[in-house]
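Below, each value reflects all heavy atoms present in this structure, side chains not excepted, and no hydrogens, waters or symmetry copies.
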Amino acid sequence: MLDFSTASILLVDDNPTNLSVLRQALKELGLNVRIATNGEEALEQVQRKLPDLILLDVQMPGIDGFETCRQLKSNLLTQDIPVIFMTAHSNTESKVKGLSVGAVDYVTKPFEQEEVLARVKVHLQLRYLTSALQQTNETLEERVKQRTDALQKAQVQLVQQEKMSALGQLVAGVAHEINNPIGYIAGNLHQAELAVKDVLGHLRLYQATFPDAGHAIQENAKNIDLEYLLSDLPNMISSMKVGCDRIQNISTSLRTFSRADKDSKVLCNIHDGIDSTLLILKHRLKANEQHPDIEVITEYAELPLVECFPSQLNQVFMNILANAIDALEESNAGRSFEDIQAHPNQIRIQTQLSPDCQQVAIRIADNGIGISEEVKQHIFDQLFTTKAVGKGTGLGLAIAQQIVVEKHGGAIEVNSLPGPGTEFIINLSLKSAT
């Protein structure tokens with residue numbers, strides 16, 4: 001219910017008697033009353049302090065009530081203030097004119113005091129209810145927006161978690177499947193190497209003991225190029241061992257990238273996560289018929305272990321590096337292979353320790369096409385993408401920001417201009433605040 005002592009009324013009339021009588025009646029109702037004797041004065045008072053309602057005489061010197069009302073309704077600050085006209089003209093034409101310029105009601109002179117007070121109370125109550133309803137609507141709209149944003153964020157997070165979980169399971173499964181046969185092959189290669197050394201040693205002993213081999217043995221040695229085999233066979237075994245080591249390293253990197261995060265943060269080597277991500281993207285970094293190898297330059301500082309969710313950070317590295325490769329491929333459009341070779345595509349990854357040794361910065365930069373200031377303003381927005389339909393979801397960088405800022409209490413920013421390329425900077429605290 002409206003407390004009339006908090007409401008204020010502007011009473012506008014050039015007749016002193018009307019002002020005195022109405023002012024006294026309105027004050028008895030508990031209202032705060034201000035007075036003006038013409039339209040110009042009324043407009044000045046309204047600019048200084050907004051009333052809750054205006055009682056406005058139609059016939060006044062200078063600008064009349066109709067013009068005063070028009071000016072009030074044309075101003076955004078005053079257009080919602082209810083205006084009740086006071087007039088000696090009770091004809092329909094006058095009332096229609098008043099309502100058309102924005103008045104909410106009419107009081108006819110000579111007026112009945114009780115009628116005026118009743119109409120004032122009704123319109124003050126309506127204004128109070130309208131204001132309360134607007135506030136309620138604004139509150140509801142804000143709550144709906146907050147809940148919609150929270151729901152959208154939760155949905156995006158769930159989708160991404162499902163995708164990462166599926167990817168993690170796939171990668172971990174592949175790593176496991178690779179490990180088993182490679183372990184078997186590597187183990188047998190070691191034994192084969194020892195056996196070949198023994199066989200070759202034994203053969204050399206035969207050659208030394210029986211230098212005059214028979215014609216058939218000499219002919220066979222020539223046919224199989226025995227001397228070449230004796231020198232090359234150990235190299236073949238060694239090359240196979242190197243290949244097995246590389247595959248085992250790939251398997252280790254896959255498991256590093258896909259390791260499941262625990263409920264709390266753990267200490268990890270940031271460089272291991274970056275390297276494992278680069279290995280997974282290696283097929284996109286290799287040369288093809290359109291471009292030479294994309295050069296990856298790593299400049300790693302000596303860093304302590306960082307307290308984090310490793311798999312989630314690897315996801316951030318994956319999104320940023322994949323976008324860098326996309327930007328480089330886009331920058332190659334219309335360029336010849338020779339031109340790209342002379343001015344190669346590059347991705348530079350730098351890590352730095354802050355002077356106070358409290359933060360780590362990871363910088364990932366490409367020399368692609370860069371992005372405009374307008375795009376940069378929205379680059380972390382959910383569902384925002386500049387890629388063609390079917391080639392981008394607009395979730396990658398939004399989720400990257402969520403992981404860095406919300407999950408790790410860090411910061412992520414982008415520096416870019418069209419032409420020089422793009423650089424993402426990720427700042428992480430060495431230890432969690434929680």
Treating Ser331 as the side-chain partner and Gly368 as the backbone partner, does any N or O pair qualify as donor plus acceptor under 3.5 Å? no
Using a 3.5 Å distance criterion without hydrogens, assess whether the side chain of Asn18 forms a donor-acceptor pair with backbone atoms of Asp14. no
Pair His271-Asp275, side-chain hydrogen bond (donor to acceptor under 3.5 Å, both in side chains): steps then yes or no: CA-CA 6 Å; His271 298 151; Asp275 290 340; over 6 Å; no
Residue that, paired with Ile426, satisfies side-chain contact (heavy atoms from CB on, under 4.5 Å) out of Val316, Ile270, Leu313: Val316
Could you give me the CA-CA distance, side-chain angles and deciding distance for Leu397 and Ile320, then say whether side chain to side chain contact (heavy atoms under 4.5 Å, CB included) is met? CA-CA 7 Å; Leu397 291 177; Ile320 293 176; 4.3 Å; yes
Side chain to side chain contact (heavy atoms under 4.5 Å, CB included) between Arg34 and Ile9: does it pass, once the steps are laid out? CA-CA 6 Å; Arg34 290 183 292 148; Ile9 286 188; over 6 Å; no
Residue pairs involving residues 408-428 (criterion ring pair (Phe, Tyr, Trp, His ring centres under 6.0 Å); sequence neighbours excluded): Phe309-His408
Run Leu10 and Val33 through side chain to side chain contact (heavy atoms under 4.5 Å, CB included) and show every step you take. CA-CA 6 Å; Leu10 178 61; Val33 183; over 6 Å; no
Hey, what do you get for CG (Asn427) to CD1 (Ile362), rounding to the nearest 0.5 Å? 7.5 Å
With heavy-atom distances below 4.5 Å as the criterion, would you say the side chains of Leu99 and Phe85 are in contact? no
Would you say the side chain of Leu56 lies within less than 4.5 Å of the side chain of Cys69, judging by non-hydrogen atoms? yes
Can you list everything that forms a salt bridge (charged side-chain N to carboxylate O under 4.0 Å, His left out) with Glu413? Sequence neighbours excluded, please. none
So do Val46 and Pro51 actually touch side chain to side chain, heavy atoms under 4.5 Å? yes
Considering all heavy atoms of both residues, which atom of Met86 and which atom of Leu11 are nearest to each other, and what is their separation? CE-CD1, 3.9 Å
With a 3.5 Å distance limit and no angle check, can you tell me whether Lys73 reaches the backbone of Ile81 through a side-chain donor-acceptor pair? yes
Look at the side chain of Ser100 and the backbone N and O of Val96, then say whether any donor-acceptor pair between them is shorter than 3.5 Å. yes
Who passes side-chain hydrogen bond (donor to acceptor under 3.5 Å, both in side chains) against Glu329, sequence neighbours left out? Arg284
Quick one: pull up CG in Asn345 and CZ in Arg335 and give me the separation to the nearest 0.5 Å. 6.0 Å
Measure the NZ-CG distance between Lys376 and Asn415 for me, rounded to the nearest 0.5 Å. 6.0 Å
Can you name the closest pair of heavy atoms from Ser276 and Asn314 and give their distance? OG-ND2, 4.3 Å
Enter the distance from Ile379:CD1 to Ser372:OG here, rounded to the nearest 0.5 Å. 9.0 Å
Without swapping roles, check the side chain of Arg127 against the backbone of Asp80 for a donor-acceptor pair under 3.5 Å. yes
Would you confirm whether Asp293, through its side chain, and Glu295, through its main-chain N or O, come within 3.5 Å as a donor-acceptor pair? no
Which pairs, with at least one residue in residues 49-58 and sequence neighbours excluded, count as a side chain to side chain donor-acceptor pair (under 3.5 Å)? Asp57-Lys109
Test log, rule side chain to side chain contact (heavy atoms under 4.5 Å, CB included), inputs Leu430 and Glu307: CA-CA 6 Å; Leu430 284 174; Glu307 197 170 14; over 6 Å; no
Could you check whether any side-chain heavy atom of Gln79 comes within less than 4.5 Å of a side-chain heavy atom of Leu72, counting everything from C-beta outward? no
Looking only at heavy atoms, the pair that brings Ala324 and Ile347 closest together is CB-CD1, 4.0 Å
Counting heavy atoms not belonging to Glu299, are there more than 12 under 6.0 Å from its CD? yes
Are the side chain of Thr68 and the backbone of Asp64 linked by a donor-acceptor contact shorter than 3.5 Å? yes
Quick one: does any side-chain atom of Asn288 pair with a main-chain N or O of His291 as donor and acceptor, under 3.5 Å? yes
Rounding to 0.5 Å, atoms CD1 (Ile237) and CG (Asp232) come to a distance of 10.5 Å
Please tell me if the side chains of Leu117 and Glu115 come closer than 4.5 Å, counting only heavy atoms from C-beta onward. no
Does the side chain of Leu55 reach to within under 4.5 Å of the side chain of Asp13, using non-hydrogen atoms? no
Leu31 side chain near Ser8 side chain, heavy-atom distance below 4.5 Å: no
Would you name the heavy atoms of Ala411 and Val405 that are closest together and state the gap between them? CA-CG2, 4.4 Å
Backbone N or O of Ile371 within a donor-acceptor pair of the Ser416 side chain at under 3.5 Å? yes
Under the rule for salt bridge (charged side-chain N to carboxylate O under 4.0 Å, His left out), what residues qualify as partners of Glu41, not counting sequence neighbours? none
Report the residues that fulfil side chain to side chain contact (heavy atoms under 4.5 Å, CB included) with Gln341, sequence neighbours left out, ordered by chain and then residue number. Pro292, Phe337
Identify the two heavy atoms, one from Leu353 and one from Pro304, that lie closest to each other, and give their separation to 0.1 Å. CD1-CD, 4.1 Å
Strictly distance-based, threshold 3.5 Å: is any side-chain N or O of Asn367 a donor or acceptor partner for the main-chain N or O of Pro344? yes
For the side-chain contact (heavy atoms from CB on, under 4.5 Å) test, which of Ile364, Thr298, Thr351 pairs with Ile274? Thr351
Here the gap from Arg23 atom CZ to Leu19 atom CG, rounded to the nearest 0.5 Å, amounts to 8.5 Å
Minimum heavy-atom separation for Arg119 and Ile84, please, with both atom names. O-CD1, 4.2 Å
Determine whether Leu305 and Asn269 make a side-chain contact, defined as any pair of heavy atoms from C-beta on separated by less than 4.5 Å. yes
